[in-house]
Amino acid sequence: MTGFSKVAVYRQELPPRGGFTPIPWTRVPSRRIPLWPFVSLWLASNIFGYFYHLSEKREYWKNEMEMDESRSCIEPVLLAEQDRITLRQYRANRDEEAKLMSDVPGWEVGTWFGSKIFKSRTYFPDRPHVLDYYGLARPSSQRLDINAGQWQI
Amino acid sequence: MSFTKDTKLPSYEDLECPVVNVSSPALRAGSFHLAKYCDLQFKEFMLCRQEEQDPRKCVKEGKDVSLCAIDFFRKVRDTCNDTFTTLWTCLDNASEGEMGFHYCKKEQHAFEQCAKDKMNLERPEPGYFSMVRMHDTKRPVPSDPFRAGSLERHPPKLDLPNPPTLSQANEYPEARIGMKFGSRKPWVFEAKLWD
């Protein structure tokens with residue numbers, strides 16, 4: 001009656017033409033991938049790898065043995081030369097000690113004022129002792145020889 | 001320091017010997033053929049060293065070893081120098097610093113072939129040098145009871161005959177006499193085998 005000339009225009013929310021799309025309500029199982037390719041590949045790699053590993057081990061130990069054998073083949077040459085060097089060093093040390101202690105009363109070469117190291121039998125070492133070899137040397141010579149000990153042959 | 005005037009040390013003239021003037025990769029390259037060529041001298045020296053355990057007593061064998069090694073490398077230099085040089089330079093340049101032979105298989109085969117053809121030296125099969133080898137010498141065994149290889153420490157074993165077995169009892173009735181107490185003491189020989 002009073003002031004209702006205009007009608008409110010609204011848009012009603014309605015379902016679309018033809019209705020809603022159907023809602024999927026059935027069970028949909030997840031995507032699956034087959035297991036057998038992976039298992040067979042793993043088993044094949046195990047079997048193949050076992051035999052390959054055995055052959056590699058054989059080859060590795062063959063090479064190791066070859067290196068050890070070459071070292072033991074060379075050993076007599078090196079040992080002979082080292083023996084001669086040590087014997088020369090012993091003689092030089094004894095002469096040097098005689099020269100040094102010539103004026104000390106009561107000193108005999110190779111003993112502690114007359115008392116010997118080995119009382120009943122004489123002993124000759126087959127491997128040189130540090131003191132026998134480096135006893136009268138300057139301190140740097142032992143450090144310099146360590147470098148030679150690091151060489152592999 | 002423990003060597004008195006009384007201990008006998010060899011003089012400088014006794015120890016004079018030419019040095020094997022060969023570098024370490026060359027030593028390793030020729031090691032197998034060297035050990036084959038100088039087998040007798042090497043074994044003699046190592047046996048002497050092990051038995052006597054005294055470097056003074058093995059100076060002569062050591063000199064033989066050095067001279068034989070020098071002779072071998074001189075021979076190699078005269079006949080197979082190229083292959084040998086390639087082999088030891090290859091070993092020297094091998095990775096990791098270890099002079100491993102698996103880096104230089106081709107050069108090794110070339111050198112082996114050359115050694116076989118020209119020097120008539122065959123390299124023994126791998127594993128030969130790891131095995132225990134026997135050596136026959138004229139040098140007597142040292143007899144010092146305080147040394148490891150002496151006769152007092154290792155007396156020779158007596159050869160005793162094997163006791164008779166059961167099967168032999170049928171063939172040799174004499175053996176039965178020794179087994180009259182059963183097999184409790186099969187090593188007892190009480191048989192009178194002949195008059």
Side-chain angles (χ1 to χ4, degrees), chain A residues 59-98 108-112 114 116-118 120-136 150-153, chain B residues 1-12 14-17 19-20 22-25 27-36 38 41-46 49-50 52-59 61-66 68-69 97-102 126-130 144 146:
Chain A
E59 193 65 37
Y60 174 80
W61 285 116
K62 232 198 287 191
N63 292 330
E64 284 285 305
M65 288 287 284
E66 206 171 5
M67 279 203 269
D68 290 344
E69 276 169 21
S70 79
R71 174 65 178 85
S72 42
C73 286
I74 291 161
E75 194 175 345
V77 176
L78 303 173
L79 190 60
E81 290 198 339
Q82 190 63 49
D83 281 350
R84 287 198 288 272
I85 289 165
T86 49
L87 288 170
R88 266 179 230 131
Q89 194 64 40
Y90 290 160
R91 183 162 266 270
N93 283 356
R94 194 170 65 172
D95 296 342
E96 182 74 25
E97 191 183 338
E108 282 168 35
V109 172
T111 65
W112 176 253
K116 295 190 280 191
I117 292 170
F118 298 102
S120 59
R121 294 174 65 88
T122 52
Y123 170 73
F124 198 86
D126 66 325
R127 283 183 69 175
H129 187 62
V130 170
L131 285 173
D132 288 335
Y133 199 79
Y134 291 108
L136 295 166
Q150 298 296 317
W151 283 106
Q152 293 180 33
I153 292 173
Chain B
M1 302 291 263
S2 55
F3 306 122
T4 59
K5 296 192 293 295
D6 309 322
T7 45
K8 287 189 269 266
L9 289 173
S11 62
Y12 292 120
D14 295 337
L15 294 170
E16 263 173 21
C17 185
V19 168
V20 182
V22 172
S23 57
S24 55
L27 267 178
R28 197 185 256 273
S31 57
F32 301 115
H33 302 276
L34 170 63
K36 184 77 196 292
C38 300
Q41 288 91 337
F42 280 14
K43 285 201 278 204
E44 181 79 46
F45 175 66
M46 294 309 283
R49 207 60 181 76
Q50 189 192 36
E52 312 265 5
Q53 292 189 359
D54 195 346
R56 303 176 291 180
K57 305 218 170 76
C58 302
V59 174
E61 284 90 355
K63 279 194 203 168
D64 290 337
V65 158
S66 290
C68 181
E98 292 178 15
M99 295 179 270
F101 285 102
H102 53 281
Y128 172 77
F129 293 113
S130 313
D144 178 8
F146 288 84

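Any value given below was found using the heavy atoms of this structure, including those in side chains, with hydrogens, waters and symmetry copies removed. Just so it is clear: chains get the letters A, B, ... in the order the sequence lines come, proteins before strands, and each one is counted from 1.
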**Study point:** Taking every non-hydrogen atom, the tightest pair across B:S31 and A:C73
**Key:** O-CB, 3.6 Å
Review point. Which is it for B:M99 and A:S70 under the side-chain contact (heavy atoms from CB on, under 4.5 Å) test, yes or no, and what are the steps along the way?
Key: CA-CA 10 Å; B:M99 295 179 270; A:S70 79; over 6 Å; no
Spatial distance of atom [atom1] ([X]) from atom [atom2] ([Y]) [nearest 0.5 Å]:
| X | Y | atom1 | atom2 | result |
| --- | --- | --- | --- | --- |
| A:D83 | B:C17 | CG | SG | 12.0 Å |
| B:D14 | A:L87 | CG | CG | 10.0 Å |
| A:N93 | B:F3 | CG | CZ | 8.5 Å |
| B:F129 | A:M65 | CZ | CE | 12.0 Å |

**Study point:** Proximal component of A:M67, with respect to chain B [non-hydrogen, under 4.5 Å]
**Key:** both
Check your understanding: Which bit of B:L34 is near chain A, if near means a heavy-atom gap under 4.5 Å: side chain, backbone, both or neither?
Key -> side chain
Review point. Is chain A contacted by the side chain of B:K43, its backbone, both, or neither, given a heavy-atom distance below 4.5 Å?
Key: neither
Exercise for review: Not counting sequence neighbours, which residues clear side chain to side chain contact (heavy atoms under 4.5 Å, CB included) with B:Y12? List them please.
Suggested key: A:R88, A:R91, A:A92, A:D95
Review point. Who among B:P10, B:A29, B:G62, B:A35 has the most heavy-atom pairs with chain A under 4.5 Å?
Key: B:P10
**Study point:** Which of A:D126, A:N63, A:L79 touches chain B most, by non-hydrogen pairs under 4.5 Å
**Key:** A:D126
Exercise for review: Identify which of A:P76, A:S72, A:A80 forms the greatest number of heavy-atom pairs closer than 4.5 Å to chain B.
Suggested key: A:P76
Exercise for review: Would you confirm whether A:E66, through its side chain, and B:P126, through its main-chain N or O, come within 3.5 Å as a donor-acceptor pair?
Suggested key: no
Review point. Does the A:R94 side chain pair with the main chain of B:T4, one donor and one acceptor, at a distance under 3.5 Å?
Key: yes
Exercise for review: Would you please test A:K62 and B:H102 for side-chain contact (heavy atoms from CB on, under 4.5 Å) and show each step?
Suggested key: CA-CA 10 Å; A:K62 232 198 287 191; B:H102 53 281; over 6 Å; no
Review point. Counting heavy atoms not belonging to A:E64, are there more than 12 under 6.0 Å from its CD?
Key: yes
Practice item. Sorted by first residue and then second, give each ring-ring contact (aromatic ring centres under 6.0 Å, His included) pair with at least one member in residues 60-86 of chain A; sequence neighbours left out. Key: none
